[in-house]
Structure formats: structure tokens, C-alpha cells
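Below is one structure, written out as C-alpha cells, with a few remarks after it.
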Amino acid sequence: MYTEDQFIQLSALQHYVFCPRQCALIHVDDVWNDNVFTVRGNILHEKVDTDTYETRGTLKTVRALKIHSFRLGLAGKCDVVEFRETKEGIEILPVEFKAGQPKQNISDEVQLCAQALCLEEMLNTRVMRGAFFYGKIRRRVQMELGDELRRRTEEIIAAVHDVVERKFIPQAKYEPKCRSCSLEDVCQPKAMNERKLLNYLKELYQS
Ligand code: SF4
């Protein structure tokens, strides 16, 4: 069990899946830069994070719900959680709003699954599904929260705790994704590659 001062932010999981170095720069070194992608996301979340709820028939919709897990050492917020009354009981569905479209990596799925794990602990229940609303395709996509995703999510949570607890900043490695990273100016992955090459050449000529 973790204590509140050991909690990591839910957003750290997405950062870690995108790049462990980006996660460490943000959550260990407190570095932050906005770019067009982060600004788009912020604008969308300003509209969604209204801290309200409404009831329509058997459906209650809660916005900007604060969540946490002491077992996983995790805290954050759900954009929306739907509570629907069914014959079997209350079905709980976290819904995450994304400005773009479905990603190539699993960061969105991991974020949603981590939200579900928090809700399960807080409400002592099981959350079977979650959903995304993607702004670019203007469509809601529902997904099952299966065992494999839960296992992978818990692995990533443990890896982020390790980075934060050890204050470990992984080395930069220039990859195509760096072009869309808001921290490229701070991280300077190309310079790191050049430094590695220079060190390699130095060692080669000295031997
Ligand atoms: S610029 Fe590249 S290596 Fe550096 S933090 Fe961003 S994604 Fe990671």
C-alpha cells in the first residue's frame, strides 16, 4: 500500500508509454513545455472538466471525478464517469475525451484501465468497460478492460514508480516520435546522438 505523498499522477502513465525519458523529465525534473498537441488537449479538457453531474432516467453522468488508488499509488481525474442502473446492478463506465484520433501505442488504453482500477478500489466493484470520445473522428469507441491490459497497466504503473523513486532520467534516443514531443527542445535527443557518435569516434581513434 502507498501513502498519498507517494502517489504518481495518472498522466505519468501516458508519458511513460510515449517515452520513459519524457515521463522522467516531467515527473522527476518538473519540466513542462506545451506544443500544438498539448494545447489542443488542454482546450478540450477545459470544456470537459466542469465538475458537474446530471441525471437522465437510469443514467447518472459525473464530470471531472477525482480518483485514486492506495494499492497502486495513483491519483488523477476521470473526464466523465457514467453510472447506469441495470437489472444486474449499477454499471460503471469511465469515458475519456481525446482531441485527436486513436493512437498507435497503448497509452490511451492504459490511462483508461488505470482509471477503472482506481474506481474499482474506491467503489469496491468491477469495471468491465471504458470508452473514448475522439474529437478528430467525432466518435465514441467502447473497449473491454481485459486481463492482459490490466496486467500491462500495472506493470507500467510499477515502472513509473521506479523512475520517480530512483529519480532516474533515461538517456535520450532520437526517434520519429521526438518530432511530436513537446520536450524536444529541452531533451535535445539529436545532440545526445551526436555526443554518442563523437565519444565512439574518440574511443576508436584512441584504441
Ligand atoms: S524528444 Fe524524444 S527522447 Fe526526448 S523526451 Fe521527447 S520523445 Fe523522449
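Both counts, for ligands and for their atoms, begin at 1 and track the order of listing. Side chains included, hydrogens not; waters and symmetry mates left out as well; all remaining heavy atoms used. Nothing fancy with the numbering, it's 1 onward along the sequence.
- Within the protein, the N, O or S atoms lying under 2.8 Å from atom 6 (Fe) of ligand 1 are C181 SG.
- Annotation: K66, atom NZ; neighbour count of heavy atoms from other residues, nucleotides and ligands within 6.0 Å does not exceed 12.
- Qualifying side chain to side chain contact (heavy atoms under 4.5 Å, CB included) partners for K103, counting only residues two or more places apart in sequence or in other chains: Q14, K98, N105, S107, D108.
- Pairing each heavy atom of L123 with each of I92, the nearest pair is CD1-CD1, 3.7 Å.
- Looking at residues two or more places apart in sequence or on another chain, you find a side-chain hydrogen bond (donor to acceptor under 3.5 Å, both in side chains) between R71 and E154.
- Qualifying side chain to side chain contact (heavy atoms under 4.5 Å, CB included) partners for D162, counting only residues two or more places apart in sequence or in other chains: R166.
- The ligand atoms of ligand 1 that sit less than 4.0 angstrom from a heavy atom of K173 are 3 (S).
- Looking at F132 and R139, their side chains never come closer than 4.5 Å, going by heavy atoms from C-beta outward.
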